[in-house]
Amino acid sequence: MNLPMEELAINSRRRFLSTCLGFLGAFLAGGFLYPVFSFLQPPARKKNGEIVKIPKADVPLGGMQRFHIRGIPATVINSQGTYAAFSLVCSHLGCLVTWDGAKDQFICPCHGAKFASDGHVISGPPPKGLEQLKVDVKEDEIWIS
Ligand code: FES
C-alpha cells in the first residue's frame with residue numbers, strides 16, 4: 001500500500017525536476033543563442049531602418065527642420081549649403097539642444113554647452129559631440145536615417 005504512494009511521490013519529484021531542468025535549459029539556450037544570432041545579423045538589419053524624408057525647400061540656408069527618428073528628437077540643418085542631421089539630445093545630461101543659425105551652432109539650455117555645425121563640442125561639459133545621423137540628398141528631398 002505504501003509502495004504506490006512512494007512511487008507516485010518519486011514520479012512527481014522526477015516530473016518536477018525534469019520540468020525545472022527543461023526551463024533552465026531553455027533559459028540558458030536563449031541566453032546563449034540570442035547574442036550569437038544578434039552578432040551574426042548584418043548591421044543594416046539590426047537598425048530600425050526608419051528613413052525620414054524632408055523637402056529641401058523646408059530647410060533654407062542657415063535654417064533647420066525638426067523631426068523624430070526612432071522616437072528621438074532630431075534636426076536637419078543647412079549650414080552654408082551643406083545638410084547635416086543630428087540628434088537633439090545633449091550628450092551631457094540629455095537636455096534638448098537648439099540650433100542657432102546666426103551663430104552656426106547648437107546651444108544646450110541646461111549647462112550652456114555649445115556644439116559646432118558638425119556636432120563636435122565647442123565648449124561646456126558634454127563628454128562628446130551630438131549624435132550625427134546619415135544624410136542622403138536625393139533630388140529635392142533630404143533622406144535621413
Ligand atoms: S545637459 Fe547639455 S550641457 Fe548639460
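Looking only at distances, a side-chain donor or acceptor of E50 sits under 3.5 Å from a matching main-chain atom of R70. Checked by atom type and distance alone, the side chain of N78 pairs as donor or acceptor with a backbone atom of V59 at under 3.5 Å. When atom types are taken as modelled, the side chain of S91 and the backbone of K128 share a donor-acceptor pair closer than 3.5 angstrom. Between the side chain of Q65 and the main chain of V76, no donor-acceptor pair closer than 3.5 Å is present. Formation of a donor-acceptor pair under 3.5 Å by the W143 side chain with backbone atoms of I54 is not found in this model. With hydrogens and angles ignored, the 3.5 Å screen pairs no side-chain donor or acceptor of T75 with any backbone N or O of M64.
Looking only at side-chain heavy atoms (C-beta outward), V137 and Y83 come within less than 4.5 Å of each other. At a threshold of 4.5 Å between non-hydrogen side-chain atoms, the residues P126 and C90 count as touching.
Nearest heavy-atom pair across Q105 and K114 is OE1-CD, 3.4 Å. K53 and E141 make their closest contact through CD-OE1, 4.0 Å (heavy atoms, listed as atom of the first residue, atom of the second, distance). Between A74 and I69, the shortest heavy-atom distance links the atoms CB-CG2, 4.3 Å.
Here the CG-CZ distance, from L96 to R66, works out to 6.0 Å after rounding to the nearest 0.5 Å. Note that the CG atom of L133 and the CD1 atom of I51 stand 12.5 Å from one another [nearest 0.5 Å]. Note that the NE2 atom of H120 and the CZ atom of F115 stand 10.5 Å from one another [nearest 0.5 Å]. If you take OG on S79 and CH2 on W99, they are separated by 4.5 Å, rounding to the nearest 0.5 Å. In this structure, NZ in K103 is found 14.5 Å from OG in S117, a value given to the nearest 0.5 Å. To the nearest 0.5 Å, atoms CZ (F67) and CD1 (I142) are separated by 9.0 Å.
Looking at residues two or more places apart in sequence or on another chain, you find a side chain to side chain donor-acceptor pair (under 3.5 Å) between K134 and D136. Every residue meeting the side chain to side chain donor-acceptor pair (under 3.5 Å) condition with H111, not counting sequence neighbours, appears here in chain and number order: H92.
Under the 4.5 Å side-chain heavy-atom criterion for Ile, Leu, Val, Met, Phe, Trp and Tyr, I107 and L130 are members of distinct hydrophobic clusters. When the side chains of ILVMFWY residues are joined at heavy-atom separations under 4.5 Å, either directly or via intervening members, V121 and V89 end up in a single hydrophobic cluster.
For the cysteines C110 and C95, the sulfur (SG) atoms lie within a distance shorter than 2.5 angstrom of each other.
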